[in-house]
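Numbers restart at 1 for each chain; the letters A, B, ... are given by sequence-line order, proteins then strands.
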Amino acid sequence: MSGPELFALLPVLILAGGSIVWLMLGAFGLGYRTIVIGGVFSAATVALCAGLLPPATVEVTGLFGTGSYARFFTILWALAAALTLLLSLRYGANRHFGGGEYTALTLLAATGMALLSGATSLVGVFLGLELLSLAFYVLIAFNRDSAHSAEACIKYLVLGSVATAFLAFGIALIYAASGSFHLPEALAGVVSNGALHPLGLFGWLLVTVAVGFKTSLVPFHFWTPDVYQGAPAPVSGFLAAGSKGAVLAALVPLLAGFGPDWALLHPLVVGLTALTLIVGSLCALAQTNLKRMLAYSSIVQVGYLFIGFLAGNSGGFEAVVFYLVVYAVVTLGTFGVITSLSGSRAEVQDYDSLRGVGFRHPFRAATLTILLLSLAGIPATAGFIAKFGIFRAAIKGDFIGLTLLAVIASLVSLYYYLRPVLVMFTENNAEGNTLHPGNELEHAVLGVCLLATLLLGLYPGPLLDLIHGLF
Amino acid sequence: MTVPFGHVLILAALLFAIGLGSVLARRTLIMILIGVEIMVSAAVLVLVAASAFWQQLDSQLFVLFLLTTTAAEVAIALALVVTLRRRTGTTDADAFSELRG
């Protein structure tokens with residue numbers, strides 16, 4: 001690896017290096033608070049570096065891109081890690097998390113996301129995905145006192161390692177068919193005369209299974225609600241925003257590279273997307289647990305995103321990137337509210353325990369309400385612009401049926417997003433006030449998420465232009 | 001004499017199916033993990049054979065990455081199995097069903 005290449009990779013190197021440094025300092029007995037705040041600073045440094053230092057090369061060792069697209073997502077995931085760490089400050093201290101390990105794993109997961117989003121080769125995709133999955137396996141089980149945490153982890157781990165095996169076998173078959181791991185060659189190698197090489201087709205099917213698992217596409221979604229419910233709330237938020245987002249971000253250049261041949265896989269993906277929208281919506285309706293409802297809602301959101309992928313060549317890819325940014329902000333915020341309301345023992349999960357929150361903690365209740373409305377796609381919030389972009393691309397790309405289904409799913413989603421809101425604002429029970437008042441820091445972080453949601457909803461122009469420049 | 005590429009692919013497909021079968025049929029966590037290892041070996045076999053087929057070394061390099069990450073994954077999995085065994089006294093996958101709905 002040459003000097004310019006190392007310099008181009010500098011933000012990711014700082015992330016990975018920071019993770020090791022904080023792990024060591026934790027082993028030498030530095031306190032939880034100090035290390036977590038240090039981790040926030042190193043993540044913020046990474047975002048600054050990635051934004052300010054122009055990369056010297058656009059690709060490093062044929063594995064990872066360092067162009068503006070990769071840099072954009074490096075900034076996004078570094079900031080997501082910083083927000084996650086800030087939100088975990090009190091939550092983790094109450095539960096006696098090890099500061100060094102927690103910070104190191106969060107930064108390592110962000111490293112994996114940054115590498116995965118910028119991967120230009122199948123090996124890069126595999127390594128990025130493994131790095132972030134391995135970090136998340138431990139993070140999900142981080143609360144050692146909770147049986148749910150361990151159960152969530154074993155479910156994610158067993159299914160995740162099967163998905164890894166599918167991915168590895170799929171990549172091996174694609175390599176056997178095309179003779180290259182590098183994406184443009186690997187994509188060109190499996191298509192000949194407008195038809196897929198049988199080995200290549202089988203390879204892509206296996207990769208689709210792995211991607212479907214990681215992004216919780218129906219029918220590979222069974223782990224999602226259990227894992228989101230069992231994992232510590234800040235980790236669930238980071239998992240939903242980042243792990244899913246990074247895989248989808250890696251898919252954008254991959255599918256864009258397919259060009260018109262991407263249409264060969266359309267029938268399969270259309271079926272999976274429709275199934276995802278229907279099953280996700282129906283399951284979300286029945287939930288009375290906020291984290292499980294958010295899990296099913298995230299399944300539906302992935303359905304919308306895949307519509308964007310299908311309509312990729314008519315502006316869908318840009319819409320997907322915008323959607324990913326919005327989804328990351330909103331998801332971190334929603335799980336942030338759960339984190340902030342949770343006391344030192346149990347988490348706030350059931351709708352019953354949300355009763356009267358709107359009267360006692362109006363700021364956080366209002367934040368949660370606006371974030372949920374953004375997930376539903378109500379105008380004046382970022383979610384509306386994001387969804388609008390996807391639907392517009394879908395109609396341009398002639399996916400009328402799917403768009404109609406997605407609009408119906410959005411209408412249905414209002415019901416399950418408004419249910420917790422109604423509980424918060426209509427029923428006031430004076431007794432059983434066990435919710436944590438939260439501290440200024442948490443309120444400030446939630447304020448940032450809220451502000452970003454409203455700002456992107458009312459004035460999305462600059463970000464849309466920025467994303468347009470990435471392609 | 002070299003083994004034809006097609007034969008290697010058939011063997012790998014069989015290995016992958018055996019591994020997947022073990023994951024789906026066995027209920028002990030350890031056996032499930034062994035099943036996953038067999039599935040990964042199928043990928044390794046294809047990669048090594050493809051390296052000979054294309055006369056390139058990069059897929060052999062990927063094998064090294066693959067084995068390293070799988071080892072890390074198994075390390076985490078076994079640590080978790082030990083924790084769960086201490087907590088519940090079993091390594092039966094069906095015993096972990098508190099989260100549902």
Side-chain angles (χ1 to χ4, degrees), chain A residues 62-63 121-123 126-127 129-131 133-135 137-138 140-141 144 147-155 157-182 199 202-203 206 223 225-230 283 286-289 292, chain B residues 5-6 8-9 12-13 15-16 19-20 23-24 29 32-33 35-51 53-56 58-59 61-63 65-70 72-77 79-81 83-84 86-88 91 93 95-101:
Chain A
L63 288 181
S121 127
L122 289 168
V123 179
F126 184 84
L127 290 179
L129 190 57
E130 275 304 277
L131 187 54
S133 304
L134 291 177
Y137 293 149
V138 187
I140 288 170
R144 265 184 297 172
H148 284 176
S149 204
E151 186 188 327
C153 178
I154 197 74
K155 283 182 175 163
L157 207 159
V158 167
L159 291 170
S161 51
V162 173
T164 303
F166 270 90
L167 184 66
F169 198 57
I171 291 177
L173 289 181
I174 293 168
Y175 181 81
S178 68
S180 174
F181 287 121
H182 198 241
L199 267 186
F202 198 59
L206 293 177
W223 58 277
D226 292 351
V227 172
Y228 284 19
Q229 186 189 350
C283 290
Q287 299 307 317
T288 55
N289 179 311
R292 289 186 85 84
Chain B
F5 192 42
V8 179
L9 284 178
L15 267 179
F16 193 76
L20 190 59
V23 168
L24 295 176
L29 285 173
I32 292 177
L33 290 173
V36 172
E37 287 305 299
I38 298 174
M39 291 166 80
V40 173
S41 337
V44 168
L45 189 62
V46 174
L47 285 167
V48 172
S51 161
F53 180 75
W54 291 102
Q55 297 289 313
Q56 287 169 348
D58 36 357
S59 64
L61 268 175
F62 182 45
V63 169
F65 285 136
L66 190 57
L67 292 179
T68 319
T69 50
T70 326
E73 206 167 65
V74 169
I76 296 175
L80 197 71
V81 169
T83 321
L84 285 171
R86 278 213 195 116
R87 186 190 290 281
T88 59
T91 55
F96 308 111
S97 54
E98 266 185 57
L99 298 170
R100 51 176 67 232

Under 4.5 Å from a heavy atom of chain A, the part of [X] involved:
| X | value |
| --- | --- |
| B:Ile32 | side chain |
| B:Leu61 | neither |
| B:Ala12 | both |
| B:Ile38 | neither |
| B:Ser59 | both |
| B:Leu45 | neither |

### Query
Looking at A:Ala168, A:Ala150, A:Ser161, A:Ala177, which one has more heavy-atom pairs under 4.5 Å with chain B than the rest?
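Going by pairs under 4.5 Å, I would pick A:Ser161.
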Would you say the side chain of [Y] lies within less than 4.5 Å of the side chain of [X], judging by non-hydrogen atoms?
| X | Y | answer |
| --- | --- | --- |
| A:Phe126 | B:Phe65 | no |
| A:Tyr175 | B:Val46 | no |
| A:Ile171 | B:Phe62 | yes |
| A:Val158 | B:Val36 | no |

Nearest heavy-atom pair of [X] and [Y]: which atoms, and what distance?
| X | Y | result |
| --- | --- | --- |
| A:Ala165 | B:Met39 | CB-CB, 3.6 Å |
| B:Leu80 | A:Cys153 | CD2-SG, 3.4 Å |
| B:Gln56 | A:Gly179 | OE1-O, 3.0 Å |
| A:Glu130 | B:Thr69 | OE1-CB, 3.8 Å |
| B:Phe5 | A:Ala176 | CZ-CB, 3.6 Å |
| A:Ala172 | B:Ala43 | CB-O, 3.7 Å |

### Task
Could you check which of B:Val23, B:Leu84, B:Thr88 has the highest count of heavy-atom pairs closer than 4.5 Å to chain A?
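Between B:Val23, B:Leu84, B:Thr88, the count favours B:Leu84.
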### Query
Between B:Val44, B:Leu47, B:Val40, which residue shows the highest count of heavy-atom pairs closer than 4.5 Å to chain A?
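If we count pairs closer than 4.5 Å to chain A, B:Leu47 comes out on top.
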